[in-house]
Amino acid sequence: MINRRTQSARSTGVITDQAISSDMFKQSMRLLAGGVCILATNSEGDWCGLTMTAVCSLTLDPPSLVACVNQSTGTHRMMTRTKRVSINVLSNDQTDMAELFSSNAVRGQERFEKGKWIEMASGVPALVDALAVLDCEVLQQTSVGEHSVFFCGVKSAMLQPDRGALVHFNRKFFSVHPSH
Ligand SMILES: Cc1cc2nc3c(=O)[nH]c(=O)nc-3n(C[C@H](O)[C@H](O)[C@H](O)COP(=O)(O)O)c2cc1C
């Protein structure tokens, strides 16, 4: 028997009850719009960083966030050792930085040659004109499939909230402008 909900889902072409394939999962997650960050770390003067959308707030007390990083990345290897990272929240005019820090052609220290980067007191790299830079310490990490989930305590922050955000949606970058 087909109930009314299933019927209406079928008539709009929405698939509601199929086991999820990896393609369908990827397509679904592409429709989850996400703010874009660069996670960066420093190991004895060697900087490493990558573009990320899998960053979210965890809890207020202690101030903490979650970052999910693919274990095959160079940044994963370095941050597992250093346990200190910055989360640089990108503004709507920083698409070029997001592309640079996810590029296969440019890696490691070379990615930091563009943009203005400084070192915070903890040693982590900070992108001077990011919307927000959060200085974090890795408290715990756990692995799920090919990713690690890093639980990070936020130690300090630098904010410049007057500009709009950069958002990634359906494989494209979008510039979000404040409405006022
Ligand atoms: C919009 C966007 C979001 C991304 N989000 C993540 C993410 O959340 N976690 C992750 O591990 N990789 C993510 N990536 C992929 C990495 O940025 C990419 O693999 C990068 O080249 C890894 O750099 P590394 O190996 O030099 O550290 C994302 C890429 C893009 C373009």
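For ligands, and for the atoms within them, numbers begin at 1 and follow the listed sequence. Along the sequence shown, residues are numbered consecutively beginning with 1.
Only the backbone of Cys68 comes within 4.0 Å of ligand 1, counting heavy atoms alone; no side-chain atom from C-beta on gets that close. At a heavy-atom cutoff of 4.0 Å, ligand 1 is contacted by no atom of His76, backbone or side chain. Under 4.0 Å from ligand 1, heavy atoms of Met52 appear from its side chain as well as its backbone.
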Full working for side-chain contact (heavy atoms from CB on, under 4.5 Å) between Arg81 and Glu44: CA-CA 11 Å; Arg81 269 202 324 273; Glu44 295 167 5; over 6 Å; no
Worked check of side-chain contact (heavy atoms from CB on, under 4.5 Å) between Asp46 and Gln109: CA-CA 7 Å; Asp46 252 356; Gln109 189 77 36; 3.9 Å; yes
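A single hydrophobic cluster is seen to contain both Trp47 and Leu100, as judged by linkage of ILVMFWY side chains at heavy-atom distances under 4.5 Å, directly or through other members. By the rule that hydrophobic residues join a cluster once side-chain heavy atoms approach within less than 4.5 Å of another member, Ile87 and Met120 end up as members of separate clusters.
If you number the atoms of ligand 1 from 1 as listed, the ones under 4.0 Å from a heavy atom of Ala54 come out as 8 (O). Near Asn70, the atoms of ligand 1 lying under 4.0 angstrom from a non-hydrogen atom of the residue are 10 (C), 11 (O). Within ligand 1, counting atoms from 1 as listed, the ones closer than 4.0 Å to a heavy atom of Ser102 are 17 (O), 20 (C), 21 (O), 29 (C), 31 (C). Proximity to Gly74 (heavy-atom distance under 4.0 Å) selects the following atoms of ligand 1: 24 (P), 25 (O), 27 (O). Applying the 4.0 Å criterion to heavy atoms of Phe101 picks out, from ligand 1, the atoms 17 (O), 20 (C). Close approach of ligand 1 to His168 (heavy-atom distance below 4.0 Å) involves ligand atoms 1 (C).
Glu99 does not count as a contact of ligand 1, since none of its heavy atoms falls under 4.0 Å from the ligand.
The nearest protein atom to atom 26 (O) of ligand 1, hydrogens excluded, is given as Arg111 NH1, 3.1 Å; this is a heavy-atom distance. Protein heavy atom closest to atom 27 (O) of ligand 1, with residue, atom name and distance, is Thr75 OG1, 2.6 Å. The protein atom (non-hydrogen) at minimum distance from atom 12 (N) of ligand 1 is Leu50 CD1, 3.8 Å. The closest protein non-hydrogen atom to atom 6 (C) of ligand 1 is Thr51 O, 3.5 Å. Nearest protein neighbour of atom 5 (N) of ligand 1, counting heavy atoms only, is Thr53 N, 3.1 Å.
No side-chain N or O of Ser21 forms a donor-acceptor pair with one of Asp23 less than 3.5 Å apart.
Asn92 places a side-chain N or O within donor-acceptor distance of the main-chain N or O of Val176, the cut-off being under 3.5 Å.
When each of Lys116, Gln160, Gln94, Arg163 is paired with Asp129, the side chain to side chain donor-acceptor pair (under 3.5 Å) condition holds for Gln94 and for no other.
Annotation: Lys114, atom NZ; neighbour count of heavy atoms from other residues, nucleotides and ligands within 6.0 Å does not exceed 12.
Aromatic ring pairs are classed by plane angle as parallel below 30°, tilted from 30° to 60° and perpendicular above 60°; the pair Phe101 and Trp117 is tilted.
Every pair passing salt bridge (charged side-chain N to carboxylate O under 4.0 Å, His left out) that includes a residue from residues 132-145 is listed here, sequence neighbours excluded: Arg84-Asp135, Glu137-Lys155.
Evaluated by nearest non-hydrogen atom to atom 19 (O) of ligand 1, the leading choice among Thr73, Val106, Val69 is Thr73.
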